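The structure displayed is predicted, hence computed values, not measured ones. Numbered from 1 within each chain, the chains take letters A, B, ... in sequence-line order.
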Protein chains: 2
Amino acid sequence: MTAALRIMREEGLERLTMRRLAAELDTGPASLYVYVQNMAELHAALLDELLADIALPHTGPVARWRDGLIDIMTAYTVLLFQHPSLARSVLTLRPSGPNYLRLIDTLLGLLNAGGVPQRQAAWGVNLLLQHGTATAAEQGTRGESVEADGEQLALMWLVEEASSEDYPNIDRARSEIFSGTGPERLSWALGVLIDGIVTTSAL
Amino acid sequence: MTAALRIMREEGLERLTMRRLAAELDTGPASLYVYVQNMAELHAALLDELLADIALPHTGPVARWRDGLIDIMTAYTVLLFQHPSLARSVLTLRPSGPNYLRLIDTLLGLLNAGGVPQRQAAWGVNLLLQHGTATAAEQGTRGESVEADGEQLALMWLVEEASSEDYPNIDRARSEIFSGTGPERLSWALGVLIDGIVTTSAL
DNA sequence: ACCTGAACACCGTTCAAGT
DNA sequence: ACCTGAACACCGTTCAAGT
């Protein structure tokens with residue numbers, strides 16, 4: 001499993017194929033299926049391995065629950081940002097490793113500390129983690145491939161050129177659509193989510 | 001392009017390969033590269049085609065801006081729910097077709113009608129669309145493959161079994177983690193996002 | 001100039017056969 | 001019982017060669 005982590009870190013998840021990993025371990029690809037059922041299970045194992053490294057301040061002053069949430073969610077998002085294609089995989093994975101359960105448990109605990117009703121807390125954790133994963137999967141494309149950068153530029157150009165007759169609201173919002181830095185937008189989004197989770201009652 | 005849509009609708013995006021589409025059009029795969037640059041561009045074109053069908057109530061009473069947002073976002077999410085693997089593709093695509101721009105413009109208009117400051121509106125549209133796309137990509141896996149259902153069950157089992165010592169908060173929230181129906185959770189999430197976007201000022 | 005057959009360089013997964 | 005070579009059934013993309 002360390003070999004898999006190394007390949008991912010050094011060459012990216014794209015290059016971590018069953019055949020490549022098998023070659024690294026001096027065997028045939030069929031042998032890997034003794035340890036994992038399929039590619040998805042390998043990705044799940046990698047995620048849990050990575051999650052072992054994020055700091056979970058399970059204890060701490062109850063009053064700082066909001067900062068705790070933001071810190072953990074930022075760490076989670078930044079972690080996946082470094083492995084965008086893993087994030088893409090995680091989105092369809094429903095991870096279930098011990099470190100992922102620990103992460104869920106900690107987030108739930110912080111929302112509980114904030115006095116958020118149980119249902120909102122449970123649904124909110126889902127929303128928060130989905131946002132982190134999706135943000136990494138989406139934004140993280142930058143730099144991973146040349147085409148992705150090209151597409152980003154193509155969209156910016158289109159938005160620049162979007163005629164004020166056809167798209168009057170885009171025209172008005174033009175300057176804000178790509179404004180702000182990644183961290184600024186992430187911290188705003190986390191604020192939106194947490195505020196909404198705390199104040200919006202379910203059903 | 002109609003052939004591509006038909007294959008996707010009848011057999012799923014997974015089966016819509018360059019080779020399969022070329023065969024359908026009685027030619028070799030190389031010929032497709034005259035019309036699209038790559039697979040991503042084909043997916044982008046498909047998304048824009050689908051978006052042509054969603055109703056955009058651009059006009060209407062200004063006071064109903066919130067309902068308008070919820071209606072459009074629900075339609076967008078439901079649309080992608082039927083094509084989960086397209087949703088996965090869209091997440092990394094930064095779509096730029098005319099119908100996608102129209103969707104952005106309409107959402108911006110509704111947030112403007114709600115008196116949301118320009119920056120919050122612009123960033124908020126991003127957040128809303130990302131949520132819709134990610135939800136479809138994530139939940140939509142159900143039924144598309146047998147393994148995905150199995151993984152869902154595996155997670156439910158793990159959460160059921162999660163010991164109260166190791167994961168006390170999961171233990172307490174157990175009954176709520178999988179509670180509610182898809183539509184209930186979607187409408188709650190949209191409420192969270194809209195409330196948060198309206199009330200959380202950027203920077 | 002426009003189109004495409006055939007090849008390049010790969011995939012994940014299965015299974016019969018070996019140890 | 002455990003492991004794996006070789007095969008199955010595919011991919012997206014490129015490019016030299018034809019029309």
Side-chain angles (χ1 to χ4, degrees), chain A residues 1-8 10-47 83-95 137 141 144-151 154, chain B residues 1-8 10-47 83-95 137 141 144-151 154:
Chain A
M1 205 86 321
T2 353
L5 263 175
R6 183 167 41 72
I7 294 174
M8 179 177 65
E10 286 173 11
E11 308 178 37
L13 193 72
E14 262 79 44
R15 309 293 292 267
L16 176 58
T17 64
M18 290 300 207
R19 296 171 112 94
R20 174 89 171 71
L21 179 58
E24 202 81 4
L25 299 169
D26 278 312
T27 182
S31 308
L32 302 176
Y33 290 82
V34 175
Y35 306 100
V36 291
Q37 210 129 43
N38 50 42
M39 200 68 189
E41 207 170 291
L42 180 64
H43 289 172
L46 286 169
L47 172 71
H83 306 282
S85 38
L86 184 61
R88 243 158 278 153
S89 201
V90 167
L91 203 62
T92 67
L93 218 63
R94 287 138 217 291
T141 315
E144 193 173 295
S145 69
V146 186
E147 316 103 69
D149 279 330
E151 277 169 40
Chain B
M1 205 86 322
T2 352
L5 264 175
R6 184 166 42 72
I7 295 175
M8 179 176 65
E10 287 173 12
E11 308 179 36
L13 193 73
E14 261 79 43
R15 311 292 292 269
L16 176 59
T17 64
M18 290 299 207
R19 296 171 113 96
R20 174 89 171 71
L21 179 58
E24 203 80 4
L25 299 168
D26 279 313
T27 182
S31 308
L32 301 176
Y33 290 82
V34 175
Y35 307 100
V36 291
Q37 209 128 44
N38 50 42
M39 199 69 189
E41 209 169 290
L42 180 63
H43 289 173
L46 286 170
L47 172 71
H83 305 282
S85 37
L86 184 61
R88 247 157 274 154
S89 200
V90 167
L91 203 62
T92 67
L93 217 63
R94 285 137 218 293
T141 314
E144 194 173 294
S145 68
V146 187
E147 317 104 71
D149 279 330
E151 276 170 40

(message) Quick check: do Leu47(A) and His83(A) have side-chain heavy atoms less than 4.5 Å from each other?
(response) no

(request) Determine whether Val90(A) and His43(A) make a side-chain contact, defined as any pair of heavy atoms from C-beta on separated by less than 4.5 Å. (result) no

(message) Just verifying a value: how many Å separate Thr17(B) OG1 and Glu24(B) CD, rounded to the nearest 0.5 Å?
(response) 10.5 Å

(request) Would you give a per-nucleotide map of nucleotides 4-14 of chain D, 5' to 3', where B means the base has a protein non-hydrogen atom under 4.0 Å away, S means only the sugar-phosphate does, and - means neither? (result) BB-B---BBBB

(message) As a quick check of understanding, evaluate side-chain contact (heavy atoms from CB on, under 4.5 Å) for Val36(A) and Met18(A), giving each step before the final call.
(response) CA-CA 10 Å; Val36(A) 291; Met18(A) 290 300 207; 4.1 Å; yes

(request) Give, for atom CZ of Arg20(A) and atom CG of Leu25(A), the distance between the pair rounded to the nearest 0.5 Å. (result) 10.0 Å

(message) Would you compute the distance between atom CD of Glu14(B) and atom CG of Leu86(B) and round it to the nearest 0.5 angstrom?
(response) 10.5 Å

(request) May I ask you to check whether over 12 heavy atoms, not counting those of Arg15(A), lie within 6.0 Å of atom CZ? (result) no

(request) Check Ala87(B) against Ala137(B) and note the closest heavy-atom contact, atom names and distance. (result) CB-N, 3.6 Å

(request) Rounded to whole angstrom, note down the P distance from dC8(D) over to dA9(C). (result) 22 Å

Got a list of protein N/O to nucleotides 16-19 of chain C N/O distances below 3.5 Å?
none

(message) Stem list for DNA chain C, please, built from Watson-Crick and G-U wobble pairs under 3.5 Å and keeping only runs of at least 3.
(response) C:4-8 with D:12-16, C:12-16 with D:4-8

(request) Would you please test Leu32(B) and Leu42(B) for side-chain contact (heavy atoms from CB on, under 4.5 Å) and show each step? (result) CA-CA 10 Å; Leu32(B) 301 176; Leu42(B) 180 63; over 6 Å; no

(request) Take Arg88(B) and Arg88(A), measure what side-chain contact (heavy atoms from CB on, under 4.5 Å) needs, and give me the verdict at the end. (result) CA-CA 8 Å; Arg88(B) 247 157 274 154; Arg88(A) 243 158 278 153; 5.8 Å; no

